[in-house]
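In what follows, a single structure is set out as structure tokens and then discussed.
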Amino acid sequence: MWPFTRHTQVSPEAETAKRAAEKSLQQAQAHQPVAEAKLTESRRVKEQLRAHNRANAYSDWIEGIVLGRLTDG
């Protein structure tokens with residue numbers, strides 16, 4: 001026999017925490033499209049920078065060859 005009774009009530013703190021978690025989830029879901037758009041934009045800019053850097057490296061390489069030939073002659 002157990003001398004303590006079981007509490008079937010939910011504590012007010014638990015209810016408050018549950019409501020706060022639900023609100024946080026709703027806010028996160030509401031901001032998801034904005035976050036996805038920013039991520040897509042970031043990836044696009046990253047790829048543009050990568051392409052620019054590749055083109056710049058080739059340009060520097062060619063310039064080095066041309067200037068090297070001009071100064072050797």
Side-chain angles (χ1 to χ4, degrees):
M1 184 148 119
W2 190 252
F4 302 104
T5 59
R6 265 185 189 238
H7 292 284
T8 55
Q9 277 184 323
V10 178
S11 70
E13 294 86 1
E15 280 297 319
T16 302
K18 181 181 172 185
R19 282 194 300 274
E22 288 171 349
K23 183 178 179 181
S24 176
L25 176 62
Q26 289 171 352
Q27 288 174 343
Q29 288 172 339
H31 293 287
Q32 184 179 1
V34 173
E36 286 179 5
K38 286 182 180 181
L39 178 60
T40 301
E41 176 68 11
S42 174
R43 288 179 177 161
R44 185 185 65 77
V45 169
K46 179 181 173 183
E47 195 53 43
Q48 283 180 338
L49 286 171
R50 202 178 274 164
H52 174 76
N53 288 341
R54 263 193 312 269
N56 207 20
Y58 288 127
S59 176
D60 289 348
W61 179 68
I62 291 170
E63 183 179 320
I65 291 171
V66 169
L67 290 177
R69 286 183 183 167
L70 291 175
T71 57
D72 286 345

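With sequence neighbours left out, the side chain to side chain contact (heavy atoms under 4.5 Å, CB included) criterion links Ala14 to Val10, Ser11. With sequence neighbours left out, Arg44 forms a salt bridge (charged side-chain N to carboxylate O under 4.0 Å, His left out) with Glu41. For Glu13, there are no side-chain hydrogen bond (donor to acceptor under 3.5 Å, both in side chains) partners at least two apart in sequence or on another chain.
Counting only residues at least two apart or in different chains, side-chain hydrogen bond (donor to acceptor under 3.5 Å, both in side chains) contacts with residues 53-63 are absent.
Leu49 belongs to a hydrophobic cluster whose remaining members, ordered by chain and number, are Val45; membership requires side-chain heavy atoms of ILVMFWY residues under 4.5 Å apart, directly or through intermediates.
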Which atom pairs, one a donor and one an acceptor, fall under 3.5 Å between side chains of residues 16-39 and the rest of the protein, sequence neighbours left out?
| from | atom 1 | to | atom 2 | distance (Å) |
| --- | --- | --- | --- | --- |
| Thr16 | OG1 | Pro12 | O | 2.9 |
| Gln32 | NE2 | Glu36 | OE2 | 3.0 |

